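Read through the structure below, which is laid out as structure tokens, and then see the notes.
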Amino acid sequence: MKPVLVVVAHGSRDPRHAATVHALVQQVRALRPGLRVETGFLDFNVPSVPSVLESLAAEGVRDVVALPLLLTRAFHAKADIPAVLADAPARLRIRQADVLGPSPLLLAALERRLYEAGLSPADKSSTGVVLASAGSTDPEAIAVIADIAREWRHTGWCAVRPAFASASLPRTEDAVRELRALGCARVAVAPYVLAPGFLPDRIARGAADADVLADVLGPAPEVARVLLDRYDAARTPLLTAIGA
């Protein structure tokens, strides 16, 4: 039996968040029909992660890969999720997969969203991009966003600047102004977030003076492929350990 994939989402009071998570999970199921995929939320939405794990244990499931639906390794990946998994039923063998980012597939998804918003590959050299993330107090997470911006700049954009909706600076509107001052012919904002909610809405407000605002990553097929890549990387040592 393949380990069950449990996608661990943060949750939100905004109903768009859960709807987007479920749409992404449907993409994963479509890409790999033989894989059982369940979704659990840390807060605000149901089912909760503990209830999903308890249900699986009650069914007799033995092996689980828990995949954080997160783009960076910050507090939730380092503390919240391990604590929840530590309280899971003892009969479950659980392996926590890596977070989704960074990944070249996520850069491809960001570009997909920018092109869907009206840009074309021919616009790259004259367009400055704001890589707008939710933000974090974790220095590792902030450094990863800065590294992604530098890497993305080398793919042909006029300039790429990181921005944060909370906890860190600069804000989206400040990065937009900086790119204008650099002389970029147009400025686009690419939200490096998975689903709509309070902080993505703040990013959108900060993009008021930009020429283009892309949609959140959501159920982009590239994101679904990253989920499966992370699952495969986590399940291999788990299967080896049980002799499968």
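Everything quoted here is computed from the prediction, not taken from an experiment.
The closest donor-acceptor contact from the side chain of S51 to the backbone of S48 lies under 3.5 Å. For D215 (side chain) and R113 (main-chain N/O), no donor-acceptor pair under 3.5 Å exists by modelled atom type. Looking only at distances, no side-chain donor or acceptor of T137 sits under 3.5 Å from a matching main-chain atom of A167. Judged by distance alone, with hydrogens and angles left aside, the side-chain atoms of R73 form no donor-acceptor pair with the main-chain N or O of L70 at under 3.5 Å. No donor-acceptor pair under 3.5 Å is formed between the side chain of T155 and the backbone N or O of E151. When atom types are taken as modelled, the side chain of D123 and the backbone of S120 share a donor-acceptor pair closer than 3.5 angstrom.
If you look at H22 and F41, their ring centroids are closer than 6.0 Å.
Side-chain contact between L53 and I94 is present, with at least one heavy-atom pair separated by less than 4.5 Å. Side chains of I81 and V84 form no contact here, defined as non-hydrogen atoms less than 4.5 Å apart. In this structure, V52 and T39 have side chains that are not in contact, with every pair of non-hydrogen atoms separated by 4.5 Å or more. For the pair P68/H10, no side-chain contact is recorded, criterion being any heavy-atom separation below 4.5 Å from C-beta on. Within the 4.5 Å cutoff, the side chain of P102 has heavy atoms near those of the V144 side chain. With a 4.5 Å cut-off on side-chain heavy atoms, L194 and L100 count as touching. Between V160 and R150 there is no side-chain heavy-atom pair separated by less than 4.5 Å. Residues H17 and P196 have side chains not in contact (no heavy-atom distance under 4.5 Å, counting atoms from C-beta outward).
Residues V189 and L114 are members of separate hydrophobic clusters, defined by side-chain heavy-atom contacts under 4.5 angstrom among Ile, Leu, Val, Met, Phe, Trp and Tyr. Linking Ile, Leu, Val, Met, Phe, Trp and Tyr residues whenever their side-chain heavy atoms come within less than 4.5 Å places L85 and L92 in a single cluster. Residue V8 is not grouped with residue V193 when hydrophobic side chains (ILVMFWY) are merged at heavy-atom distances under 4.5 angstrom, including chains of intermediate members. No continuous path of ILVMFWY side-chain contacts below 4.5 Å connects I148 to V187, so the two sit in separate hydrophobic clusters. Cluster annotation: I142 is not connected to V130 through the hydrophobic network of ILVMFWY side chains, with a link wherever side-chain heavy atoms come within less than 4.5 Å.
A salt bridge links K78 to D138: at least one charged side-chain nitrogen sits closer than 4.0 Å to a carboxylate oxygen. The pair E173-R202 fails the salt-bridge criterion, with no side-chain N (NZ, NE, NH1 or NH2) lying under 4.0 Å from an Asp/Glu carboxylate O. With respect to D63 and R91, no salt bridge is recorded, no charged nitrogen being found less than 4.0 Å from a carboxylate O. Using a 4.0 Å cut-off between a side-chain N of Lys or Arg and a carboxylate O of Asp or Glu, R171 and D174 do not qualify as a salt bridge. Under 4.0 Å is where a charged nitrogen must lie from a carboxylate oxygen, and between R177 and D209 no such pair does. Salt bridge annotation for R36-E38: present, with a cationic side-chain nitrogen under 4.0 angstrom from a carboxylate oxygen.
Among residue pairs with one or both ends in residues 17-31, none qualify as salt bridge (Lys or Arg N to Asp or Glu O under 4.0 Å); sequence neighbours excluded.
Nearest approach of A163 to A175, heavy atoms of both residues: CB-CB, 4.0 Å. A pairwise comparison of heavy atoms in S166 and L199 identifies OG-CD1, 3.8 Å as the closest pair. The two residues A234 and V65 come nearest to each other via the heavy atoms CB-CG1, 3.8 Å. Scanning both residues, P200 and A195, for their nearest heavy atoms gives CG-O, 3.3 Å. When all heavy atoms of L106 and Y192 are compared, the closest pair comes out as CD1-OH, 3.5 Å. Pairing each heavy atom of R153 with each of A159, the nearest pair is CD-CA, 3.5 Å.
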Legend entry - From CA spacing to verdict: side chain to side chain contact (heavy atoms under 4.5 Å, CB included), V6, L56: CA-CA 10 Å; V6 175; L56 291 173; 3.7 Å; yes
Inset, instruction - Quick one: do W152 and E111 satisfy side chain to side chain contact (heavy atoms under 4.5 Å, CB included)? Show the steps, please. - result: CA-CA 10 Å; W152 203 14; E111 295 208 358; 2.9 Å; yes
Inset, instruction - Verify side chain to side chain contact (heavy atoms under 4.5 Å, CB included) between L119 and T127, making sure each step is shown before the conclusion. - result: CA-CA 9 Å; L119 293 179; T127 301; 4.1 Å; yes
Legend entry - Derivation of the side chain to side chain contact (heavy atoms under 4.5 Å, CB included) call for R235 and L35: CA-CA 12 Å; R235 73 186 284 262; L35 175 63; over 6 Å; no
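In this structure, CZ on R95 lies 12.5 Å from OH on Y231, to the nearest 0.5 angstrom. With values rounded to the nearest 0.5 angstrom, I203 atom CD1 is found 10.5 Å from F164 atom CZ. With rounding to the nearest 0.5 angstrom, the CZ atom of R186 is 10.0 Å from the SG atom of C158. Atom CZ of R13 sits about 4.0 Å away from atom CZ of F44, to the nearest 0.5 Å. Rounded to the nearest 0.5 angstrom, D232 CG and K2 NZ are separated by 9.0 Å. To the nearest 0.5 angstrom, L110 atom CG is 6.0 Å from L131 atom CG.
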Identify each donor-acceptor pair in which a side-chain atom of residues 216-228 lies under 3.5 Å from a protein atom, sequence neighbours left out, and give them as a table.
from: E222; atom 1: OE1; to: R112; atom 2: NE; distance (Å): 2.9
from: E222; atom 1: OE2; to: R112; atom 2: NE; distance (Å): 3.0
from: E222; atom 1: OE2; to: R112; atom 2: NH2; distance (Å): 3.0

